[in-house]
Amino acid sequence: MQTQVAIIGAGPAGLLLGALLHKAGIDNIIIERQTPEYVLGRIRAGILEQVTVDLLRDAGVGSGVDAAGTPHHQIDLVFQNKRYPIMVSELTQGKVVTAYGQTEVTHDLMTHRANLGLTSFYSADEVDLHDIESKTPRVSFSKDGRRQEISCSLIAGCDGFHGVSRKHIPSNILKEFERVYPFGWIGVLADVPPVSPHAIVYANSDRGFALCSMRSMTRSRYYLQCPLSDQVSEWSDERFWDELQLRLDPELSAQLIMGPSIEKSIAPLRSYVAEPMRHGQLFLAGDAAHIVPPTGAKGLNLAATDVKYLSEAMIEFFTAKSSRGIDHYSDRCLKRVWRAERFSWWLTSLMHRFPETGEFGQRIQEAELDYLVHSRALSTSLAENYVGLPLDFGHQ
Ligand code: FAS
Ligand code: PHB
């Protein structure tokens, strides 16, 4: 088989890249390890920056988010049992974030690709990359017990943190930066009305962090900080709802509508960056290159901006016969990646209980939150990072 771009991974990064390349007339094949059902079964992100919504529209996949996405103009911060609004859109000259689940984004992209009849191999085993430093790299994989091979010009490694692509960057070239946090998040999805339909709520309590989000006006998404050693089986629905109420302010706690969980999972939190994001004809995008703690709602959005830069660079490579874009891809992405890493680390450090810093650490967090909610300058800093810094930030 022959194609222009082989894309490893059919998560949001791989599917969005495939859609943008196809729109520009660039042939691409996606190779995915799991089944479509498995990919759709992973409940993850829920907040889209405007640049991500615009990219979905640009790729011809905007109708879902336009019809069912919920714009958010505000986030609320809870600490010392009180809730404070951060008027995000006022502080950023009208910018908003949109609540629309990654599951729905992935489903929209999958449906779009299938309707176009583009080639995707799901349930692909033993995926491997070859000759990535040559002008004719290849991807091999097994499908239904038969070994197959794709010759291409460029390879996009969109295969997430545990994928195969990053491992093909030589260890003497790859630099990795990592911080693993001493706790995880237990997340619950439930078909109940969101407790706060007009604001995402972030709570710092001495019992730990809590987050109130949504997928629609009838489906809610909640998270609690929990010990890394916890198992989902230790968290009954009743225990989860009781603990969430203890971490919110009294008014919101009283408003909480509870119900049976339809999904419940625990995720570890880490900050991670791999540099460079390109080696030879291999280009990493999304979680294959970087991970952020979900506190800042940046993971999916960073993947989207990587794909924006990568699709532009690949289109320039094939249509203008210029390698300028692909040569600058890694540096261009990493500047934005590190800004999002910093913000996600900062908000995680501010909102979570760190046992090792004790009561003093809790008081310092509360003092910083007290300063933040009364300082237009620091509230604006939070708001402009939360909606996503402008793509040309720092070049003005
Ligand atoms: P993905 O991991 O989504 O997709 C990679 C794809 O590659 C997968 O389908 C995988 O099966 C496939 N793959 C892996 N190895 C392969 C191989 N060898 N061959 C072929 N295919 C292979 N972000 C937020 O903004 N908010 C959140 O609340 C949030 N929660 C998260 C919870 C969890 C448990 C995780 C893991 C991540 C969470 N994220 C969150 C981040 C998440 O949304 C990612 O940023 C997003 O999935 C990135 O998309 P991709 O880069 O496409 O990677
Ligand atoms: C979500 O809705 O899943 C979500 C919202 C905000 C975050 C993280 C996750 O910071």
Side-chain angles (χ1 to χ4, degrees), residues 6-18 30-49 52 70 72 75 97-103 105-106 109-110 120-129 139-143 156-168 184-189 194 199-202 209 211-216 219-223 263 265-270 272 284-307 310 340 343-344 347-348 351 386 388:
I7 300 172
I8 317 290
L15 289 164
L16 182 56
L17 178 62
I30 289 183
I31 306 100
E32 163 60 47
R33 177 168 63 178
Q34 304 291 356
T35 63
E37 296 73 21
Y38 184 94
V39 174
L40 287 173
R42 291 188 304 234
I43 306 300
R44 291 186 173 169
I47 298 298
L48 306 184
E49 292 176 3
T52 304
T70 307
H72 278 301
I75 63 176
V97 293
T98 300
Y100 188 69
Q102 175 171 324
T103 304
V105 170
T106 306
L109 285 162
M110 274 184 186
S120 307
F121 289 97
Y122 284 89
S123 306
D125 293 321
E126 301 157 325
V127 177
D128 205 356
L129 286 62
V139 175
S140 64
F141 61 95
S142 296
K143 174 76 178 166
C158 302
D159 47 348
F161 184 66
H162 300 290
V164 66
S165 299
R166 191 175 63 247
K167 298 175 183 128
H168 282 78
W185 280 11
I186 178 164
V188 155
L189 197 63
I200 307 290
V201 181
Y202 291 82
F209 170 76
L211 168 57
C212 304
S213 183
M214 58 187 283
R215 292 293 176 269
S216 68
R219 178 167 287 190
S220 300
R221 179 69 165 162
Y222 295 105
Y223 297 94
E263 194 272 348
S265 54
I266 291 179
L269 270 64
R270 80 175 73 236
Y272 172 86
L284 303 181
D287 278 18
H290 42 71
I291 296 286
V292 285
T295 323
K298 290 297 163 208
L300 176 55
N301 294 296
L302 266 185
T305 40
D306 287 352
V307 165
L310 186 54
F343 172 67
S344 304
L347 194 55
T348 299
M351 299 306 293
Y386 196 78

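For ligands, and for the atoms within them, numbers begin at 1 and follow the listed sequence.
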Quick check: does [X] get an N/O under 3.5 Å from an N/O on ligand 2?
| X | result |
| --- | --- |
| Tyr202 | yes |
| Tyr386 | no |
| Pro294 | yes |

Heteroatom proximity flag, [X] to ligand 1, N/O under 3.5 Å:
| X | value |
| --- | --- |
| Gln102 | yes |
| Gly299 | yes |
| Gly163 | no |

query = Considering only heavy atoms of Ile31, which atoms of ligand 1 have at least one such atom less than 4.0 Å away?
reply = 20 (C), 21 (N)
task = For Val164, counting its heavy atoms only, list the atoms of ligand 1 lying under 4.0 Å from any of them.
result =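 With Val164 as reference, the close atoms of ligand 1 come out as 18 (N).
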Looking only at protein heavy atoms, identify the closest one to [atom] and say how far it is in Å.
| atom | value |
| --- | --- |
| atom 2 (O) of ligand 1 | Arg44 NH1, 3.0 Å |
| atom 2 (O) of ligand 2 | Ser213 OG, 2.6 Å |
| atom 14 (C) of ligand 1 | Asp159 O, 3.1 Å |
| atom 34 (C) of ligand 1 | Ala267 CB, 3.6 Å |
| atom 20 (C) of ligand 1 | Arg33 N, 3.3 Å |
| atom 51 (O) of ligand 1 | Asp287 N, 2.9 Å |
| atom 12 (C) of ligand 1 | Glu32 OE1, 3.2 Å |

Distance in Å, Thr52 OG1 paired with Leu16 CG, rounded so as to fall on 0.5 Å steps = 8.5 Å
Show me which atoms of ligand 2 lie under 4.0 Å from any heavy atom of [X].
| X | value |
| --- | --- |
| Ile47 | 5 (C), 6 (C) |
| Arg44 | 3 (O) |
| Arg215 | 1 (C), 2 (O), 3 (O) |
| Tyr223 | 1 (C), 3 (O), 4 (C), 9 (C) |
| Leu211 | 6 (C), 7 (C), 8 (C), 9 (C), 10 (O) |

message = Distance alone, cut at 3.5 Å: any donor-acceptor contact between the side chains of Asp128 and His168?
response = yes
query = Has Gln102 got any heavy atom lying under 4.0 angstrom from an atom of ligand 2?
reply =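 No, Gln102 has no heavy atoms under 4.0 Å from ligand 2.
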ask   = Is ligand 2 under 4.0 Å from a heavy atom in the side chain of Thr295, in the backbone, in both, or in neither?
value = backbone
Of all the heavy atoms in [X], does at least one lie under 4.0 Å from an atom in ligand 1?
| X | value |
| --- | --- |
| Ala124 | no |
| Arg42 | yes |
| Tyr223 | yes |

key: Closest to atom 23 (N) of ligand 1 (judged by heavy-atom distance), picking from Ala45, Ala303, Gly46   =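 Among Ala45, Ala303, Gly46, the closest heavy atom to atom 23 (N) of ligand 1 comes from Ala45.
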inquiry  = Check whether Asp306 reaches the backbone of Gly286 with its side chain - one donor and one acceptor, N or O, closer than 3.5 Å.
reply    =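 Indeed, once roles are kept as given, a pair shorter than 3.5 Å links the two residues.
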key: Main-chain N/O of Ile291 paired to Lys298 side chain as donor or acceptor, under 3.5 Å   =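 Looks like no, no N/O pair under 3.5 Å.
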inquiry  = Would Arg33 and Phe141 count as a cation-pi pair here, with the cationic atom under 6.0 angstrom from the ring centre and within 45° of the axis?
reply    =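 No.
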